[in-house]
Asker: 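Below is the structure I would like to discuss, written out as C-alpha coordinates.
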There are 2 protein chains.
Amino acid sequence: MAVKPSLLIVEDDLALAELIVWHCEAEGYVVRQTADGEEALLMVAEQMPDAIILDWMIKHVPGIEVLRQLRRDKATAHVPVIMLTARGEEEDRIRGLKTGADDYMTKPFSPRELLARVEAVLRRSRPVTGGQTLVAGDLELDPVAHRVTRGGVAIPLGPTEFRMLVHFLERPGRVQSREQLLDAVWGMDSDIELRTVDVHIRRLRKAINLPGTTDLIRTVRSAGYALGG
Amino acid sequence: MAVKPSLLIVEDDLALAELIVWHCEAEGYVVRQTADGEEALLMVAEQMPDAIILDWMIKHVPGIEVLRQLRRDKATAHVPVIMLTARGEEEDRIRGLKTGADDYMTKPFSPRELLARVEAVLRRSRPVTGGQTLVAGDLELDPVAHRVTRGGVAIPLGPTEFRMLVHFLERPGRVQSREQLLDAVWGMDSDIELRTVDVHIRRLRKAINLPGTTDLIRTVRSAGYALGG
DNA sequence: CAGGTCCATGACAGTTTTGTGACACTCTCT
DNA sequence: AGAGAGTGTCACAAAACTGTCATGGACCTG
(Lines give C-alpha, C1' and ligand atoms only; values in the text may rest on other atoms or scores of the structure.)
Protein backbone atom coordinates (compact mmCIF):
# COMPACT_ATOMS: atom_id res chain seq x y z
CA MET A 1 0.00 0.00 0.00
CA ALA A 2 1.34 3.39 -0.93
CA VAL A 3 1.74 6.14 1.60
CA LYS A 4 -1.70 7.37 0.74
CA PRO A 5 -4.14 4.52 0.32
CA SER A 6 -6.02 4.74 -2.95
CA LEU A 7 -9.74 4.30 -3.25
CA LEU A 8 -12.02 3.63 -6.16
CA ILE A 9 -15.52 4.94 -5.84
CA VAL A 10 -18.21 3.50 -8.08
CA GLU A 11 -21.32 5.59 -7.74
CA ASP A 12 -23.57 7.15 -10.33
CA ASP A 13 -25.37 9.64 -8.17
CA LEU A 14 -23.08 12.53 -9.00
CA ALA A 15 -23.90 14.59 -5.97
CA LEU A 16 -23.31 11.71 -3.61
CA ALA A 17 -20.17 10.71 -5.46
CA GLU A 18 -18.76 14.18 -5.15
CA LEU A 19 -19.55 14.30 -1.49
CA ILE A 20 -17.77 11.03 -0.89
CA VAL A 21 -14.79 12.02 -2.98
CA TRP A 22 -14.49 15.27 -1.14
CA HIS A 23 -14.51 13.62 2.25
CA CYS A 24 -12.12 10.89 1.24
CA GLU A 25 -9.67 13.34 -0.22
CA ALA A 26 -9.90 15.47 2.87
CA GLU A 27 -8.92 12.38 4.77
CA GLY A 28 -5.84 11.99 2.62
CA TYR A 29 -6.85 9.21 0.31
CA VAL A 30 -6.05 9.17 -3.37
CA VAL A 31 -9.44 8.88 -4.98
CA ARG A 32 -10.69 7.86 -8.39
CA GLN A 33 -14.31 7.75 -9.28
CA THR A 34 -16.60 6.39 -11.96
CA ALA A 35 -20.31 6.01 -12.45
CA ASP A 36 -20.02 2.94 -14.59
CA GLY A 37 -19.53 -0.68 -13.59
CA GLU A 38 -17.60 -1.71 -16.67
CA GLU A 39 -15.35 1.26 -16.46
CA ALA A 40 -14.78 0.42 -12.84
CA LEU A 41 -13.39 -2.96 -13.79
CA LEU A 42 -11.09 -1.34 -16.34
CA MET A 43 -9.87 1.13 -13.77
CA VAL A 44 -9.14 -1.66 -11.36
CA ALA A 45 -7.20 -3.54 -14.01
CA GLU A 46 -5.25 -0.43 -14.82
CA GLN A 47 -4.37 0.44 -11.28
CA MET A 48 -5.31 -1.61 -8.29
CA PRO A 49 -6.93 0.43 -5.53
CA ASP A 50 -6.50 -0.41 -1.87
CA ALA A 51 -10.23 -0.46 -1.40
CA ILE A 52 -13.39 -0.06 -3.43
CA ILE A 53 -16.63 1.66 -2.54
CA LEU A 54 -19.27 0.13 -4.73
CA ASP A 55 -22.83 1.25 -5.22
CA TRP A 56 -25.31 -1.52 -5.86
CA MET A 57 -27.33 0.31 -8.47
CA ILE A 58 -25.06 1.56 -11.22
CA LYS A 59 -25.00 1.84 -14.96
CA HIS A 60 -24.54 -1.06 -17.36
CA VAL A 61 -23.46 -3.69 -14.88
CA PRO A 62 -25.15 -4.16 -11.52
CA GLY A 63 -22.86 -3.78 -8.55
CA ILE A 64 -23.07 -7.40 -7.58
CA GLU A 65 -21.79 -8.38 -11.00
CA VAL A 66 -18.82 -6.09 -10.63
CA LEU A 67 -18.14 -7.64 -7.26
CA ARG A 68 -18.41 -11.11 -8.66
CA GLN A 69 -15.94 -10.35 -11.41
CA LEU A 70 -13.53 -8.79 -8.98
CA ARG A 71 -13.63 -11.85 -6.82
CA ARG A 72 -13.20 -14.14 -9.77
CA ASP A 73 -9.82 -12.73 -10.71
CA LYS A 74 -7.16 -13.85 -8.33
CA ALA A 75 -5.37 -10.52 -8.62
CA THR A 76 -8.34 -8.60 -7.33
CA ALA A 77 -9.91 -11.21 -5.14
CA HIS A 78 -8.58 -9.66 -1.97
CA VAL A 79 -9.31 -5.99 -2.53
CA PRO A 80 -11.70 -4.87 0.19
CA VAL A 81 -15.10 -3.82 -1.10
CA ILE A 82 -17.68 -1.76 0.75
CA MET A 83 -21.04 -1.85 -0.90
CA LEU A 84 -23.68 0.83 -0.78
CA THR A 85 -27.29 -0.29 -0.72
CA ALA A 86 -30.56 1.52 -0.38
CA ARG A 87 -32.54 1.14 2.78
CA GLY A 88 -34.73 -1.88 2.85
CA GLU A 89 -32.76 -3.95 0.41
CA GLU A 90 -31.75 -6.46 3.01
CA GLU A 91 -31.79 -9.18 0.43
CA ASP A 92 -29.13 -7.47 -1.64
CA ARG A 93 -27.03 -6.87 1.38
CA ILE A 94 -26.96 -10.49 2.30
CA ARG A 95 -26.24 -11.53 -1.24
CA GLY A 96 -23.46 -8.98 -1.25
CA LEU A 97 -21.82 -10.30 1.86
CA LYS A 98 -22.12 -13.82 0.55
CA THR A 99 -20.53 -12.80 -2.72
CA GLY A 100 -17.60 -11.42 -0.85
CA ALA A 101 -18.24 -7.81 0.07
CA ASP A 102 -16.28 -6.86 3.16
CA ASP A 103 -18.78 -4.47 4.59
CA TYR A 104 -21.84 -2.53 3.61
CA MET A 105 -23.45 0.83 4.22
CA THR A 106 -27.11 1.63 3.99
CA LYS A 107 -28.04 4.83 2.22
CA PRO A 108 -28.37 7.43 3.39
CA PHE A 109 -25.27 7.55 5.57
CA SER A 110 -22.94 10.18 6.88
CA PRO A 111 -19.60 10.52 5.13
CA ARG A 112 -17.93 10.27 8.47
CA GLU A 113 -19.29 6.83 9.02
CA LEU A 114 -18.19 5.74 5.60
CA LEU A 115 -14.68 6.93 6.33
CA ALA A 116 -14.68 4.94 9.53
CA ARG A 117 -15.59 1.81 7.62
CA VAL A 118 -13.00 2.43 4.96
CA GLU A 119 -10.40 2.76 7.62
CA ALA A 120 -11.58 -0.39 9.35
CA VAL A 121 -11.58 -2.34 6.14
CA LEU A 122 -8.08 -1.15 5.22
CA ARG A 123 -6.78 -1.99 8.63
CA ARG A 124 -8.22 -5.46 8.38
CA SER A 125 -6.92 -6.12 4.92
CA ARG A 126 -3.37 -5.20 5.73
CA PRO A 127 -2.45 -8.20 7.87
CA VAL A 128 -3.19 -10.53 5.00
CA THR A 129 0.32 -11.77 5.20
CA GLY A 130 2.55 -12.97 2.46
CA GLY A 131 4.93 -15.49 3.89
CA GLN A 132 4.32 -14.86 7.56
CA THR A 133 2.98 -17.74 9.53
CA LEU A 134 -0.74 -17.63 10.08
CA VAL A 135 -1.99 -18.21 13.57
CA ALA A 136 -5.29 -18.87 15.28
CA GLY A 137 -5.06 -19.93 18.88
CA ASP A 138 -2.59 -22.76 19.10
CA LEU A 139 -3.00 -23.55 15.44
CA GLU A 140 -0.19 -22.39 13.21
CA LEU A 141 0.28 -22.54 9.52
CA ASP A 142 3.51 -21.77 7.71
CA PRO A 143 2.69 -21.05 4.09
CA VAL A 144 6.33 -21.27 3.04
CA ALA A 145 7.16 -24.53 4.73
CA HIS A 146 3.67 -25.73 3.85
CA ARG A 147 3.25 -26.95 7.33
CA VAL A 148 0.50 -26.94 9.93
CA THR A 149 0.87 -27.52 13.65
CA ARG A 150 -1.55 -27.63 16.53
CA GLY A 151 0.02 -27.00 19.91
CA GLY A 152 3.37 -27.75 18.34
CA VAL A 153 2.44 -31.10 16.84
CA ALA A 154 2.46 -31.40 13.10
CA ILE A 155 -0.84 -32.05 11.38
CA PRO A 156 -0.96 -33.73 8.01
CA LEU A 157 -3.28 -32.03 5.57
CA GLY A 158 -4.20 -32.74 1.99
CA PRO A 159 -3.65 -29.96 -0.55
CA THR A 160 -7.30 -28.98 -0.68
CA GLU A 161 -7.68 -28.86 3.07
CA PHE A 162 -4.48 -26.86 3.25
CA ARG A 163 -5.66 -24.22 0.82
CA MET A 164 -8.95 -24.04 2.59
CA LEU A 165 -7.30 -23.53 5.95
CA VAL A 166 -5.09 -20.78 4.52
CA HIS A 167 -8.17 -19.08 3.22
CA PHE A 168 -9.82 -19.23 6.62
CA LEU A 169 -6.74 -18.10 8.48
CA GLU A 170 -6.48 -15.05 6.25
CA ARG A 171 -10.01 -14.12 7.23
CA PRO A 172 -10.35 -15.13 10.83
CA GLY A 173 -13.88 -15.01 12.14
CA ARG A 174 -15.45 -14.05 8.87
CA VAL A 175 -18.14 -16.16 7.36
CA GLN A 176 -17.26 -17.64 4.01
CA SER A 177 -20.06 -18.86 1.82
CA ARG A 178 -19.69 -22.12 -0.02
CA GLU A 179 -19.44 -20.11 -3.22
CA GLN A 180 -16.58 -18.06 -1.85
CA LEU A 181 -14.80 -21.15 -0.67
CA LEU A 182 -15.24 -22.80 -4.03
CA ASP A 183 -13.82 -19.77 -5.79
CA ALA A 184 -10.96 -19.38 -3.38
CA VAL A 185 -9.94 -22.98 -2.92
CA TRP A 186 -10.84 -24.59 -6.22
CA GLY A 187 -10.55 -21.52 -8.44
CA MET A 188 -13.18 -19.70 -10.35
CA ASP A 189 -14.78 -21.71 -13.00
CA SER A 190 -14.55 -25.11 -11.50
CA ASP A 191 -17.91 -26.73 -11.74
CA ILE A 192 -17.75 -28.45 -8.44
CA GLU A 193 -20.82 -29.28 -6.42
CA LEU A 194 -21.46 -26.83 -3.64
CA ARG A 195 -21.93 -29.66 -1.21
CA THR A 196 -18.43 -30.86 -1.87
CA VAL A 197 -17.34 -27.96 0.30
CA ASP A 198 -19.14 -29.59 3.21
CA VAL A 199 -17.20 -32.75 2.77
CA HIS A 200 -13.88 -30.96 2.79
CA ILE A 201 -14.93 -28.92 5.77
CA ARG A 202 -15.54 -32.18 7.50
CA ARG A 203 -12.13 -33.51 6.55
CA LEU A 204 -10.50 -30.30 7.69
CA ARG A 205 -12.35 -30.43 10.97
CA LYS A 206 -11.39 -34.00 11.55
CA ALA A 207 -7.79 -33.09 10.97
CA ILE A 208 -7.39 -29.93 13.04
CA ASN A 209 -9.87 -30.50 15.85
CA LEU A 210 -8.16 -32.34 18.64
CA PRO A 211 -10.79 -34.59 20.12
CA GLY A 212 -12.36 -33.08 23.20
CA THR A 213 -11.74 -29.47 22.23
CA THR A 214 -14.27 -27.10 20.76
CA ASP A 215 -14.66 -27.00 17.02
CA LEU A 216 -12.39 -24.44 15.39
CA ILE A 217 -14.74 -24.11 12.46
CA ARG A 218 -18.12 -22.63 13.03
CA THR A 219 -21.07 -23.55 10.85
CA VAL A 220 -23.29 -20.61 10.04
CA ARG A 221 -26.51 -22.05 8.86
CA SER A 222 -27.64 -20.92 5.45
CA ALA A 223 -24.55 -18.76 5.12
CA GLY A 224 -21.37 -20.80 5.22
CA TYR A 225 -18.49 -21.50 7.55
CA ALA A 226 -16.12 -19.40 9.61
CA LEU A 227 -12.91 -20.00 11.49
CA GLY A 228 -13.20 -19.43 15.21
CA GLY A 229 -14.89 -16.27 16.23
CA MET B 1 -36.08 11.19 17.45
CA ALA B 2 -39.08 12.90 18.93
CA VAL B 3 -41.97 14.10 16.83
CA LYS B 4 -40.25 17.44 16.50
CA PRO B 5 -36.52 17.10 15.97
CA SER B 6 -34.58 19.18 18.46
CA LEU B 7 -31.71 21.41 17.49
CA LEU B 8 -28.98 23.03 19.48
CA ILE B 9 -27.61 26.26 18.09
CA VAL B 10 -24.24 27.43 19.27
CA GLU B 11 -23.67 30.95 18.04
CA ASP B 12 -22.55 34.10 19.78
CA ASP B 13 -23.61 36.67 17.28
CA LEU B 14 -26.91 37.40 18.94
CA ALA B 15 -28.61 38.83 15.89
CA LEU B 16 -27.67 35.89 13.74
CA ALA B 17 -28.60 33.44 16.46
CA GLU B 18 -32.03 34.93 16.80
CA LEU B 19 -32.53 34.81 13.09
CA ILE B 20 -31.64 31.14 12.94
CA VAL B 21 -33.76 30.27 15.93
CA TRP B 22 -36.73 32.06 14.45
CA HIS B 23 -36.50 30.20 11.18
CA CYS B 24 -35.93 26.84 12.75
CA GLU B 25 -38.86 27.23 15.07
CA ALA B 26 -41.00 28.31 12.18
CA GLU B 27 -40.02 25.05 10.52
CA GLY B 28 -41.22 23.12 13.53
CA TYR B 29 -37.99 22.28 15.28
CA VAL B 30 -37.55 22.46 18.99
CA VAL B 31 -34.65 24.85 19.43
CA ARG B 32 -32.24 25.64 22.20
CA GLN B 33 -29.49 28.16 21.86
CA THR B 34 -26.32 29.25 23.58
CA ALA B 35 -23.41 31.53 22.81
CA ASP B 36 -20.93 29.57 24.84
CA GLY B 37 -19.00 26.42 23.96
CA GLU B 38 -18.82 25.02 27.46
CA GLU B 39 -22.44 25.63 28.07
CA ALA B 40 -23.19 23.91 24.80
CA LEU B 41 -21.54 20.73 26.03
CA LEU B 42 -23.54 20.89 29.24
CA MET B 43 -26.74 21.31 27.31
CA VAL B 44 -25.91 18.33 25.16
CA ALA B 45 -25.22 16.25 28.22
CA GLU B 46 -28.49 17.34 29.73
CA GLN B 47 -30.59 16.66 26.69
CA MET B 48 -29.28 15.21 23.48
CA PRO B 49 -30.31 17.20 20.42
CA ASP B 50 -30.95 15.58 17.07
CA ALA B 51 -28.54 17.95 15.39
CA ILE B 52 -26.18 20.75 16.31
CA ILE B 53 -25.43 23.95 14.46
CA LEU B 54 -22.04 25.05 15.64
CA ASP B 55 -20.30 28.32 14.98
CA TRP B 56 -16.55 28.14 14.71
CA MET B 57 -15.82 31.33 16.60
CA ILE B 58 -17.48 31.26 19.96
CA LYS B 59 -16.70 32.15 23.55
CA HIS B 60 -14.41 30.21 25.88
CA VAL B 61 -13.96 27.11 23.78
CA PRO B 62 -13.37 27.21 20.05
CA GLY B 63 -15.94 25.38 17.98
CA ILE B 64 -13.54 22.72 16.87
CA GLU B 65 -12.84 21.87 20.47
CA VAL B 66 -16.52 21.43 21.17
CA LEU B 67 -16.78 19.20 18.16
CA ARG B 68 -13.80 17.15 19.24
CA GLN B 69 -15.29 16.60 22.65
CA LEU B 70 -18.62 15.62 21.18
CA ARG B 71 -16.95 13.06 18.97
CA ARG B 72 -14.88 11.70 21.78
CA ASP B 73 -17.88 10.66 23.83
CA LYS B 74 -19.52 7.58 22.45
CA ALA B 75 -22.94 8.84 23.44
CA THR B 76 -22.64 11.96 21.34
CA ALA B 77 -20.36 10.72 18.60
CA HIS B 78 -23.15 10.30 16.11
CA VAL B 79 -25.02 13.57 16.55
CA PRO B 80 -24.89 15.44 13.24
CA VAL B 81 -23.04 18.73 13.39
CA ILE B 82 -23.23 21.55 10.88
CA MET B 83 -20.49 24.06 11.35
CA LEU B 84 -20.61 27.72 10.51
CA THR B 85 -17.42 29.31 9.24
CA ALA B 86 -16.53 32.71 7.93
CA ARG B 87 -15.70 33.13 4.30
CA GLY B 88 -12.15 32.23 3.41
CA GLU B 89 -11.44 30.00 6.35
CA GLU B 90 -10.76 27.05 4.14
CA GLU B 91 -8.37 25.59 6.70
CA ASP B 92 -10.97 25.51 9.40
CA ARG B 93 -13.47 23.92 7.13
CA ILE B 94 -11.21 21.05 6.30
CA ARG B 95 -10.18 20.59 9.88
CA GLY B 96 -13.83 20.62 10.79
CA LEU B 97 -14.80 17.98 8.30
CA LYS B 98 -11.88 15.85 9.38
CA THR B 99 -12.85 16.20 13.00
CA GLY B 100 -16.25 14.89 12.14
CA ALA B 101 -18.52 17.71 11.13
CA ASP B 102 -21.23 16.50 8.80
CA ASP B 103 -21.59 19.62 6.77
CA TYR B 104 -20.64 23.26 6.81
CA MET B 105 -22.03 26.63 5.84
CA THR B 106 -20.06 29.67 4.92
CA LYS B 107 -21.25 32.95 6.37
CA PRO B 108 -23.15 34.75 5.18
CA PHE B 109 -25.80 32.27 4.18
CA SER B 110 -29.53 32.27 3.73
CA PRO B 111 -31.60 30.74 6.51
CA ARG B 112 -33.45 28.76 3.88
CA GLU B 113 -30.25 27.10 2.82
CA LEU B 114 -29.35 26.30 6.37
CA LEU B 115 -32.71 24.68 6.89
CA ALA B 116 -32.16 22.56 3.81
CA ARG B 117 -28.86 21.33 5.17
CA VAL B 118 -30.33 20.61 8.57
CA GLU B 119 -32.97 18.53 6.94
CA ALA B 120 -30.44 16.69 4.81
CA VAL B 121 -28.26 16.00 7.78
CA LEU B 122 -31.16 14.73 9.85
CA ARG B 123 -32.26 12.47 7.05
CA ARG B 124 -28.79 11.07 6.73
CA SER B 125 -28.09 10.59 10.37
CA ARG B 126 -28.21 7.07 11.49
CA PRO B 127 -28.19 6.44 15.19
CA VAL B 128 -25.66 3.71 14.65
CA THR B 129 -22.07 3.59 15.75
CA GLY B 130 -19.39 4.33 13.26
CA GLY B 131 -17.81 0.97 13.65
CA GLN B 132 -18.34 -2.18 11.83
CA THR B 133 -20.52 -3.87 14.40
CA LEU B 134 -24.03 -2.88 15.33
CA VAL B 135 -24.48 -2.14 19.00
CA ALA B 136 -27.31 -1.65 21.45
CA GLY B 137 -26.26 -1.58 25.05
CA ASP B 138 -24.22 -4.68 25.71
CA LEU B 139 -25.65 -6.40 22.68
CA GLU B 140 -23.38 -6.50 19.68
CA LEU B 141 -23.86 -7.85 16.20
CA ASP B 142 -21.14 -8.31 13.64
CA PRO B 143 -22.74 -8.69 10.22
CA VAL B 144 -19.56 -9.88 8.57
CA ALA B 145 -18.70 -12.53 11.09
CA HIS B 146 -22.40 -13.25 11.39
CA ARG B 147 -22.13 -13.20 15.08
CA VAL B 148 -24.12 -11.86 18.02
CA THR B 149 -22.87 -11.38 21.55
CA ARG B 150 -24.47 -10.15 24.73
CA GLY B 151 -22.02 -8.88 27.28
CA GLY B 152 -19.32 -10.71 25.41
CA VAL B 153 -20.95 -14.12 25.30
CA ALA B 154 -21.95 -15.51 21.96
CA ILE B 155 -25.64 -15.94 21.28
CA PRO B 156 -26.81 -18.50 18.76
CA LEU B 157 -29.43 -17.17 16.39
CA GLY B 158 -31.27 -18.72 13.48
CA PRO B 159 -31.07 -17.00 10.10
CA THR B 160 -34.46 -15.36 10.40
CA GLU B 161 -33.87 -14.07 13.90
CA PHE B 162 -30.50 -12.82 12.78
CA ARG B 163 -31.92 -10.83 9.90
CA MET B 164 -34.60 -9.47 12.12
CA LEU B 165 -32.12 -8.32 14.73
CA VAL B 166 -30.03 -6.61 12.07
CA HIS B 167 -33.12 -4.79 10.95
CA PHE B 168 -33.87 -3.62 14.46
CA LEU B 169 -30.31 -2.61 15.21
CA GLU B 170 -30.24 -0.46 12.13
CA ARG B 171 -33.31 1.36 13.38
CA PRO B 172 -32.88 1.51 17.12
CA GLY B 173 -35.90 2.69 19.01
CA ARG B 174 -38.07 2.93 15.98
CA VAL B 175 -41.29 0.99 15.90
CA GLN B 176 -41.50 -1.50 13.08
CA SER B 177 -44.90 -2.71 11.99
CA ARG B 178 -45.40 -6.37 11.25
CA GLU B 179 -45.72 -5.45 7.60
CA GLN B 180 -42.41 -3.67 7.63
CA LEU B 181 -40.75 -6.57 9.34
CA LEU B 182 -42.21 -9.01 6.87
CA ASP B 183 -40.93 -6.97 3.95
CA ALA B 184 -37.52 -6.49 5.45
CA VAL B 185 -36.87 -9.91 6.87
CA TRP B 186 -38.81 -12.19 4.55
CA GLY B 187 -38.73 -10.13 1.38
CA MET B 188 -41.39 -8.07 -0.30
CA ASP B 189 -43.39 -10.78 -1.92
CA SER B 190 -43.66 -13.47 0.67
CA ASP B 191 -47.12 -14.58 1.58
CA ILE B 192 -46.41 -15.19 5.19
CA GLU B 193 -48.97 -14.75 7.93
CA LEU B 194 -48.59 -11.49 9.79
CA ARG B 195 -48.77 -13.27 13.09
CA THR B 196 -45.73 -15.30 12.21
CA VAL B 197 -43.77 -12.17 13.02
CA ASP B 198 -44.95 -12.49 16.60
CA VAL B 199 -43.53 -15.94 16.85
CA HIS B 200 -40.15 -14.89 15.58
CA ILE B 201 -40.16 -11.90 17.87
CA ARG B 202 -40.69 -14.32 20.68
CA ARG B 203 -37.81 -16.51 19.54
CA LEU B 204 -35.57 -13.49 19.21
CA ARG B 205 -36.55 -12.31 22.66
CA LYS B 206 -35.89 -15.67 24.16
CA ALA B 207 -32.46 -15.68 22.59
CA ILE B 208 -31.20 -12.21 23.40
CA ASN B 209 -32.93 -11.47 26.70
CA LEU B 210 -30.81 -12.76 29.51
CA PRO B 211 -33.22 -13.97 32.17
CA GLY B 212 -33.75 -11.35 34.83
CA THR B 213 -33.01 -8.36 32.65
CA THR B 214 -35.51 -6.08 31.04
CA ASP B 215 -36.84 -6.94 27.62
CA LEU B 216 -34.76 -5.46 24.81
CA ILE B 217 -37.72 -5.56 22.47
CA ARG B 218 -40.67 -3.39 23.21
CA THR B 219 -44.17 -4.31 22.11
CA VAL B 220 -46.14 -1.37 20.82
CA ARG B 221 -49.73 -2.35 20.92
CA SER B 222 -51.52 -2.21 17.60
CA ALA B 223 -48.40 -0.83 15.96
CA GLY B 224 -45.55 -3.31 16.05
CA TYR B 225 -42.26 -3.81 17.83
CA ALA B 226 -39.22 -1.74 18.57
CA LEU B 227 -35.72 -2.37 19.86
CA GLY B 228 -34.98 -0.66 23.15
CA GLY B 229 -36.21 2.86 23.48
C1' DC C 1 -67.56 -5.92 34.10
C1' DA C 2 -68.82 -7.68 29.42
C1' DG C 3 -67.16 -8.10 25.05
C1' DG C 4 -63.74 -7.32 21.84
C1' DT C 5 -59.08 -6.75 20.13
C1' DC C 6 -54.44 -7.66 20.41
C1' DC C 7 -50.44 -10.26 21.99
C1' DA C 8 -47.66 -14.26 24.29
C1' DT C 9 -46.72 -18.85 24.26
C1' DG C 10 -46.18 -23.85 23.68
C1' DA C 11 -46.73 -27.46 20.56
C1' DC C 12 -46.05 -29.57 16.16
C1' DA C 13 -45.63 -31.28 11.65
C1' DG C 14 -43.16 -30.14 7.66
C1' DT C 15 -38.92 -28.27 5.34
C1' DT C 16 -34.45 -27.04 4.65
C1' DT C 17 -29.81 -27.44 5.63
C1' DT C 18 -25.78 -30.00 7.39
C1' DG C 19 -23.15 -34.12 8.88
C1' DT C 20 -21.31 -38.48 7.57
C1' DG C 21 -19.83 -42.86 5.67
C1' DA C 22 -19.12 -45.18 1.51
C1' DC C 23 -17.47 -45.61 -3.04
C1' DA C 24 -15.60 -45.13 -7.48
C1' DC C 25 -11.92 -42.61 -9.80
C1' DT C 26 -7.72 -40.31 -10.72
C1' DC C 27 -2.86 -39.52 -9.96
C1' DT C 28 1.71 -40.29 -8.60
C1' DC C 29 5.34 -43.01 -7.41
C1' DT C 30 7.67 -47.31 -7.51
C1' DA D 1 0.94 -52.83 -13.10
C1' DG D 2 0.11 -52.15 -8.05
C1' DA D 3 -0.17 -49.48 -3.84
C1' DG D 4 -1.56 -45.51 -1.62
C1' DA D 5 -3.16 -41.07 -1.09
C1' DG D 6 -6.41 -37.71 -2.33
C1' DT D 7 -10.93 -36.26 -4.61
C1' DG D 8 -15.69 -35.47 -5.97
C1' DT D 9 -20.47 -37.32 -5.47
C1' DC D 10 -24.13 -39.57 -3.57
C1' DA D 11 -27.61 -41.19 -0.44
C1' DC D 12 -29.21 -41.25 3.93
C1' DA D 13 -29.30 -39.71 8.81
C1' DA D 14 -29.40 -36.09 11.92
C1' DA D 15 -30.06 -31.40 13.15
C1' DA D 16 -31.82 -27.05 12.90
C1' DC D 17 -35.20 -24.01 11.55
C1' DT D 18 -40.02 -22.58 10.00
C1' DG D 19 -44.77 -21.29 9.56
C1' DT D 20 -49.27 -22.13 11.69
C1' DC D 21 -52.47 -22.84 14.98
C1' DA D 22 -54.99 -23.13 19.32
C1' DT D 23 -55.28 -21.44 23.79
C1' DG D 24 -55.06 -18.18 27.40
C1' DG D 25 -53.85 -13.74 29.10
C1' DA D 26 -53.48 -8.61 28.70
C1' DC D 27 -55.44 -4.48 27.58
C1' DC D 28 -58.99 -1.40 26.10
C1' DT D 29 -63.76 0.63 25.58
C1' DG D 30 -67.87 1.63 26.79
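First the proteins, then the strands, lettered A, B, ... as listed; each starts at 1. Quick caveat, the model's predicted, so the values are computed rather than measured.
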Asker: Can you figure out which of D:dA16, D:dC21, C:dT20 approaches the side chain of A:Val199 most closely?
Answerer: C:dT20
Asker: Within this structure, what is the CD1-to-P distance between A:Ile201 and C:dT17, rounded to whole angstrom?
Answerer: 17 Å
Asker: Quickly work out the A:Leu182 CG to D:dT9 C1' distance and round it to whole Å.
Answerer: 13 Å
Asker: Look only at the side chain of B:Arg32 and the backbone of B:Gln47, and say whether a donor-acceptor pair between them is shorter than 3.5 Å.
Answerer: yes
Asker: Select one nucleotide: of D:dG8, D:dG6, D:dA15, the one nearest the side-chain heavy atoms of A:His200.
Answerer: D:dG8
Asker: Quick one: the side chain of B:Arg195 and the base of C:dA8, do they pair up donor-acceptor inside 3.5 Å?
Answerer: yes
Asker: Write down the distance between NZ (A:Lys206) and C1' (C:dA22), rounded to a whole number of angstrom.
Answerer: 11 Å
Asker: Mark yes or no for a side-chain to base donor-acceptor pair under 3.5 Å between B:Arg203 and D:dG19, with no hydrogen or angle criteria applied.
Answerer: yes
Asker: Taking OP1 and OP2 of C:dG19, is either one under 4.0 Å from a side-chain nitrogen or oxygen of A:Thr219?
Answerer: yes
Asker: Looking at A:Arg202, I'd like to know whether one of its side-chain N or O atoms comes within less than 4.0 Å of OP1 or OP2 on C:dT20.
Answerer: yes
Asker: Give the rounded distance in Å between these two atoms: CG of A:Asp215 and C1' of C:dG19.
Answerer: 11 Å
Asker: Taking only the side-chain nitrogens and oxygens of A:Trp186, find out if one of them lies under 4.0 Å from OP1 or OP2 of D:dT7.
Answerer: no
Asker: Heavy atoms under 4.0 Å, any strand shown: does A:Asp191 hit a base, just sugar-phosphate, or nothing?
Answerer: sugar-phosphate
Asker: How many Å lie between CG on A:Asn209 and P on C:dT20, as a whole number?
Answerer: 11 Å
Asker: Using modelled atom types only, decide if a donor and an acceptor are shared between the side chain of B:Asn209 and the backbone of B:Leu216 within a distance under 3.5 Å.
Answerer: yes
Asker: Walk me through whether A:Thr213 and A:Arg150 qualify under side-chain contact (heavy atoms from CB on, under 4.5 Å).
Answerer: CA-CA 12 Å; A:Thr213 59; A:Arg150 177 90 199 254; 4.2 Å; yes
Asker: Whole-Å distance between D:dA14 C1' and A:Asp198 CG?
Answerer: 14 Å
Asker: Quick one: is B:Tyr225 getting a side-chain N or O under 4.0 Å of the C:dC6 phosphate, OP1 or OP2?
Answerer: no
Asker: Determine whether A:Asp102 and A:Arg71 satisfy the following criterion, salt bridge (charged side-chain N to carboxylate O under 4.0 Å, His left out), listing intermediate values before the conclusion.
Answerer: CA-CA 11 Å; A:Asp102 293 75; A:Arg71 290 304 180 234; 3.0 Å; yes
Asker: Is a donor on one side and an acceptor on the other found under 3.5 Å between the side chain of B:Asp142 and the backbone of B:Thr133?
Answerer: no
Asker: Taking atom C1' of D:dA16 as reference, at what distance in whole Å does atom NE2 of B:His146 sit?
Answerer: 15 Å
Asker: So if I take every side-chain heavy atom of A:Ile192 and compare against D:dG19, D:dT9, D:dC28, which nucleotide ends up nearest?
Answerer: D:dT9
Asker: Between C:dT17 and A:Arg178, is there an OP1 or OP2 to side-chain N/O distance shorter than 4.0 Å?
Answerer: no
Asker: Taking CD from B:Glu161 and C1' from D:dA16, how many angstroms apart are they, rounded to a whole number?
Answerer: 11 Å
Asker: Just compare C:dT5, D:dA16, D:dC21 and give me whichever is closest to any side-chain atom of B:Glu193.
Answerer: D:dC21
Asker: Base, sugar-phosphate or nothing for A:Ser222? Non-hydrogen atoms, less than 4.0 Å.
Answerer: sugar-phosphate
Asker: Go through it in stages, so that I can follow the logic: the residues are B:Asp198 and B:Arg178, the test is salt bridge (charged side-chain N to carboxylate O under 4.0 Å, His left out), and I'd like the CA-CA distance, side-chain angles, deciding distance and then a yes or no.
Answerer: CA-CA 8 Å; B:Asp198 297 28; B:Arg178 290 179 175 70; 2.7 Å; yes
